[in-house]
Amino acid sequence: MMKQNTQIRIINFKIFIISTLLLIPLLLLIIYISNKLSYNPVYFIIISLVVIVGSMIRLEQKSTKYVIFNFKDNKLLIEGKQNESLLYSKIFNFNLYSLFPKKKLGYILRIQQEKGNFYFWITTKNKNMKWSKNDYQNILILNNSLEQKVQKKQLFIDYIIFGIALIPTIIISFVFLFVFVVLFSLITGNIEWFQYLEFLN
């Protein structure tokens, strides 16, 4: 028997987009300030990067909210900050898929209906970002409940969302790789590796 309702916690898309757009200017600002410092800027760079990344994660966690999907006989009720009532006959399709890495970025639920698409970025119910068995069970229940009522279909927009979601992960990975290489070069005395970077001279 299909479970009548499922509660999930979602991340605010607007906050994610804003924080992503701000990431590159902030990185450029760090480099600019580093060029102006009269002392070795390595520690300033490392501390600044840790603060920025930590602030982004904290901001996204603060923007989360709980949403309840209530499955009725002929319609889906979405109860949250703004309630929605969607007739199954008016829903064209849906898709529910994990982002990479899913244990950190979570899942995307897209519901396409007459007025357009509804998007939900699903994260863990707890705020420590660790996925539990209950979290995965909720995803499975939500997917199965929707499949019983609506066609599941992958659209081109799903590939775009998956790609956009990778941008912060790629940038942050490069940042930490850069910090690691800088620290390794300082420890081993190979600072000449970075002579082309003015702020490390």
Side-chain angles (χ1 to χ4, degrees), residues 2-24 53 55-72 74-132 134-172:
M2 182 178 67
K3 187 177 179 180
Q4 295 301 309
N5 61 75
T6 303
Q7 185 188 60
I8 60 173
R9 192 163 69 97
I10 61 174
I11 295 174
N12 191 316
F13 268 106
K14 291 181 180 179
I15 297 297
F16 169 75
I17 292 173
I18 291 173
S19 60
T20 301
L21 292 176
L22 286 175
L23 185 57
I24 294 178
V53 173
S55 298
M56 286 180 59
I57 295 174
R58 182 66 176 171
L59 182 61
E60 289 177 4
Q61 284 298 300
K62 283 286 187 179
S63 71
T64 61
K65 58 184 178 181
Y66 288 96
V67 174
I68 297 176
F69 287 82
N70 198 343
F71 294 90
K72 301 296 185 182
N74 64 338
K75 62 183 177 181
L76 169 63
L77 299 179
I78 303 174
E79 303 169 3
K81 188 174 182 180
Q82 294 180 338
N83 297 333
E84 297 287 346
S85 179
L86 305 177
L87 293 172
Y88 296 125
S89 59
K90 302 295 184 181
I91 299 177
F92 300 142
N93 59 73
F94 86 98
N95 198 14
L96 177 61
Y97 53 94
S98 64
L99 299 173
F100 178 84
K102 65 183 179 181
K103 289 185 178 181
K104 289 296 182 184
L105 294 184
Y107 289 75
I108 293 292
L109 170 62
R110 176 189 53 76
I111 300 177
Q112 185 183 45
Q113 44 88 52
E114 286 184 325
K115 297 179 182 179
N117 285 304
F118 285 97
Y119 298 98
F120 303 92
W121 184 0
I122 305 172
T123 186
T124 59
K125 277 193 173 183
N126 58 74
K127 294 189 176 183
N128 60 13
M129 296 291 286
K130 291 183 179 180
W131 284 81
S132 65
N134 288 335
D135 290 318
Y136 289 118
Q137 186 66 22
N138 279 333
I139 294 295
L140 182 61
I141 291 173
L142 182 60
N143 183 77
N144 292 342
S145 298
L146 283 166
E147 277 191 320
Q148 292 183 35
K149 298 290 186 178
V150 185
Q151 178 190 15
K152 186 172 184 179
K153 185 178 181 181
Q154 192 163 25
L155 302 180
F156 182 69
I157 187 64
D158 297 320
Y159 294 103
I160 295 177
I161 293 173
F162 188 86
I164 292 175
L166 282 176
I167 293 175
T169 302
I170 293 173
I171 293 176
I172 292 172

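Looking only at side-chain heavy atoms (C-beta outward), N70 and L76 stay at 4.5 Å or farther from each other. The closest side-chain heavy-atom distance from S145 to L142 is not below 4.5 Å. Inter-residue side-chain proximity for I139 and W131 is flagged as met; some heavy-atom pair is nearer than 4.5 Å. At least one side-chain heavy atom of S63 sits under 4.5 Å from a side-chain heavy atom of I11. Side-chain contact check for Q154 versus Y159: some heavy-atom pair is nearer than 4.5 Å. No side-chain heavy atom of N12 sits less than 4.5 Å from a side-chain heavy atom of T64. For the pair K125/Q7, a side-chain contact is recorded, criterion being any heavy-atom separation below 4.5 Å from C-beta on. Side-chain contact check for L109 versus I122: some heavy-atom pair is nearer than 4.5 Å.
The CG atom of L166 sits 12.5 Å away from atom CD1 of I161, with the distance rounded to the nearest 0.5 Å.
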Show your reasoning for whether side-chain contact (heavy atoms from CB on, under 4.5 Å) applies to F94 and K153. CA-CA 6 Å; F94 86 98; K153 185 178 181 181; over 6 Å; no
Derivation of the side-chain contact (heavy atoms from CB on, under 4.5 Å) call for I8 and Y107: CA-CA 11 Å; I8 60 173; Y107 289 75; over 6 Å; no
Test side-chain contact (heavy atoms from CB on, under 4.5 Å) applied to N95 and L155, step by step: CA-CA 8 Å; N95 198 14; L155 302 180; over 6 Å; no
Apply side-chain contact (heavy atoms from CB on, under 4.5 Å) to I78 and V67, showing your working. CA-CA 7 Å; I78 303 174; V67 174; 3.5 Å; yes
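Heavy-atom contacts from other residues, nucleotides or ligands closer than 6.0 Å to NZ of K75 number 12 or fewer.
Using the six-membered ring where Trp is involved, F71 and Y88 have ring planes that are parallel, under 30° apart on the 30 and 60° scheme.
Between D158 and R110, at least one side-chain nitrogen of the basic residue sits less than 4.0 Å from a carboxylate oxygen of the acidic one, meeting the salt-bridge criterion.
Taking the six-membered ring for Trp and the full ring otherwise, F120 and F69 have centroids separated by under 6.0 Å.
Distance alone, capped at 3.5 Å, places no donor-acceptor pair between the R9 side chain and the T123 backbone.
With sequence neighbours left out, N143 forms a side chain to side chain donor-acceptor pair (under 3.5 Å) with E147, K152. Partners of Y66 according to the side chain to side chain donor-acceptor pair (under 3.5 Å) rule, which considers only residues two or more places apart in sequence or in another chain, do not exist here. Remark: N117 pairs with Y119 by the side chain to side chain donor-acceptor pair (under 3.5 Å) rule, at least two apart or across chains.
No donor-acceptor contact under 3.5 angstrom links the side chains of N93 and Q151, judged on distance only.
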